[in-house]
Visitor: 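My questions will all concern the structure given below.
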2 protein chains.
Amino acid sequence: MKNDNWWCGRFRGCGYKLTVPREAILDVLSLTDKHLSAEDIYLAVHKKYPTIGLTTVYRTLDILVSIGLIYKFDFCDGRARFELAEDSKGKKHHHHLVCTNCGRIVDYTDFIDDEIELLQLTEKGLSKKYNFKITGHLIQFYGLCDKCR
Amino acid sequence: MKNDNWWCGRFRGCGYKLTVPREAILDVLSLTDKHLSAEDIYLAVHKKYPTIGLTTVYRTLDILVSIGLIYKFDFCDGRARFELAEDSKGKKHHHHLVCTNCGRIVDYTDFIDDEIELLQLTEKGLSKKYNFKITGHLIQFYGLCDKCR
DNA sequence: ATTGCTACTGAAAACCATTTTCATTAAATG
DNA sequence: CATTTAATGAAAATGGTTTTCAGTAGCAAT
């Protein structure tokens, strides 16, 4: 097990052990630009490590979400999807545009700046008015892609 | 069966029959300000009409969503939740603030105007750039409420 | 290196919201 | 009122996710 990956510190700092399955799962996520489901990840990991089980994939994803290394999304197709958090790996912050017919997902980074600005303003207002400690937001567009429209 | 409810036309216009279960389900939804799950609705309907089944509730909710009479939301607690579309019944358009600890949901209408304006601008931009026919958006905030923080 | 502690693991079973199946019933139309 | 066809309820199936449990492997202290 190599201890030189960028996420090792993050793991140990949270009291989690560094294991082969966890490293394999993070590898898969850091090498794709797709929005993988737990099963997608399981299948990808399975090619290199056939002994790693789906249960472990689910458990690991839970941990990764909880320590903020990955994000979990619901694109309304009945399964959760995961992607690496953008600050982890030189990825750009983006939002999603989802085709409700074929499931295609477009990551867009245009328009983001205005969105972020407004979101921060709203978060501040909500936080004050309702005394919430805001931890996150979700903004997503749905529609029909060029092929499906 | 009274044929004088505001939704009768909407139903018939879409080729759906007006039935007791459908009316009962819409009644429940129009009398609450909560975000009910399919089971919540089933239980509420069940008090007055014990013969109406959960299956029918699910089927009716599907229809209501598809004709735009209600909205379906995912607040990440493992079940879908439903509420009457705001244009149906003098309800104000709002977005949601969700407590990730206790599940409390705050409907907020402040800040909405700016949000809507930005969303429309973004929709226009996305629609042009990616050739999507945008049909909807989702914007939601997560955090810890005053009791849970 | 070896040990001991404890977290981690895989397989199987359980879970649970939602969907499907199918035989029966009831709404709408004329 | 009869006919057509959609709607219904019960039960079974589905399928993503979680739990259980006995065995395994990280890792800190020796």
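A, B, ... follow the sequence lines: proteins, then strands. Residue 1 opens every chain. Here the structure is a predicted model, which is why all the values come from computation and not from measurement.
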Visitor: Among dC27(D), dG9(D), dA28(C), which is the nearest nucleotide to the side chain of P21(B)?
Guide: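 So the side chain of P21(B) is nearest to dG9(D).
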Visitor: Between L54(A) and L54(B), which is nearer to the 5' end of DNA chain C once each is assigned its nearest nucleotide?
Guide: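 The residue whose closest nucleotide sits nearer the 5' end is L54(A).
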Visitor: Distance check: side-chain N/O of T19(B) vs OP1/OP2 of dT8(D), anything under 4.0 Å?
Guide: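 Yes, such a contact exists.
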Visitor: Compare side-chain N and O positions of Y58(B) against OP1 and OP2 of dT18(C) and report whether any pair is under 4.0 Å apart.
Guide: yes
Visitor: With no hydrogens and no angle check, do the side chains of R149(B) and N131(A) hold a donor and an acceptor under 3.5 Å apart?
Guide: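 Yes, side-chain donor-acceptor contact under 3.5 Å.
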Visitor: Do the side chains of L18(A) and W7(A) get nearer than 4.5 Å, heavy atoms only?
Guide: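 Touching, per the 4.5 Å side-chain cut-off.
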Visitor: Do R12(A) side-chain and dG26(D) base share a donor-acceptor contact under 3.5 Å?
Guide: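 Such a pair does not exist between side chain and base.
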Visitor: Not counting sequence neighbours, which residues clear side chain to side chain contact (heavy atoms under 4.5 Å, CB included) with S37(A)? List them please.
Guide: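 Counting only residues at least two positions away or on another chain, S37(A) forms a side chain to side chain contact (heavy atoms under 4.5 Å, CB included) with E39(A), D40(A), R79(A), R81(A).
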Visitor: Whole-Å distance between dT19(D) P and D62(A) CG?
Guide: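 Going from CG in D62(A) over to P in dT19(D) covers 9 Å.
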Visitor: Any side-chain N or O of R22(B) less than 4.0 Å from the OP1 or OP2 oxygen of dA7(D)?
Guide: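 Checking R22(B) against dA7(D): at least one side-chain N or O falls below 4.0 Å of OP1 or OP2.
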Visitor: In residues 34-48 of chain B, what residues come within less than 4.0 Å of DNA chain D, judged by heavy atoms?
Guide: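 The stretch gives none, as no residue of it lies under 4.0 Å from the strand.
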Visitor: Output the rounded distance in Å from NZ (K17(A)) to P (dT24(D)).
Guide: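 Atom NZ in K17(A) sits about 15 Å away from atom P in dT24(D).
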Visitor: Could you tell me the separation between the CZ atom of F82(B) and the P atom of dA17(C), rounded to a whole number of Å?
Guide: 13 Å
Visitor: Has the side chain of T32(B) got a donor or acceptor atom that lies under 3.5 Å from a matching backbone atom of L29(B)?
Guide: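 No, because the side chain of T32(B) does not come within donor-acceptor range (under 3.5 Å) of the backbone of L29(B).
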Visitor: Hey, which of these two, G78(B) or Y16(B), hits DNA chain C nearer its 5' end, going by closest nucleotide?
Guide: G78(B)
Visitor: Which whole-number value in Å describes the distance from E23(A) CD to dC27(D) P?
Guide: 11 Å
Visitor: Using distance alone, with no hydrogens and no angle criterion, decide if D107(A) and H35(A) have a side-chain donor and acceptor under 3.5 Å apart.
Guide: yes
Visitor: Does one side chain, of H96(A) or E83(A), offer a donor that lies under 3.5 Å from an acceptor on the other?
Guide: yes
Visitor: To the nearest Å, how far apart are R59(B) CZ and dT20(C) C1'?
Guide: 9 Å
Visitor: Is a side-chain donor or acceptor of R12(B) paired with a backbone partner of K17(B) at a separation under 3.5 angstrom?
Guide: no
Visitor: Give a yes or no on whether a salt bridge exists between R104(A) and D146(A), defined as a side-chain N under 4.0 angstrom from a carboxylate O.
Guide: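 The answer is yes: the pair qualifies as a salt bridge.
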Visitor: In whole Å, what is the span from the CZ atom of R79(A) to the C1' atom of dT17(D)?
Guide: 12 Å
Visitor: Restricting to nitrogen or oxygen on both sides, can you table the protein-nucleotides 11-13 of chain D pairs closer than 3.5 Å?
Guide:
unit_1, atom_1, unit_2, atom_2, d
dA11(D), N6, T55(B), OG1, 3.3

Visitor: Between E123(A) and H137(A), is the side chain to side chain donor-acceptor pair (under 3.5 Å) condition met? List the steps.
Guide: CA-CA 9 Å; E123(A) 283 182 16; H137(A) 61 252; 3.0 Å; yes
Visitor: Nearest-Å distance, CD1 (I25(A)) to P (dT9(C))?
Guide: 8 Å
Visitor: Can you find a side-chain donor-acceptor pair between Y108(B) and E115(B) that sits under 3.5 Å?
Guide: yes
Visitor: Expressed as a whole number of angstroms, how long is the span from K72(A):NZ to dT18(D):P?
Guide: 6 Å
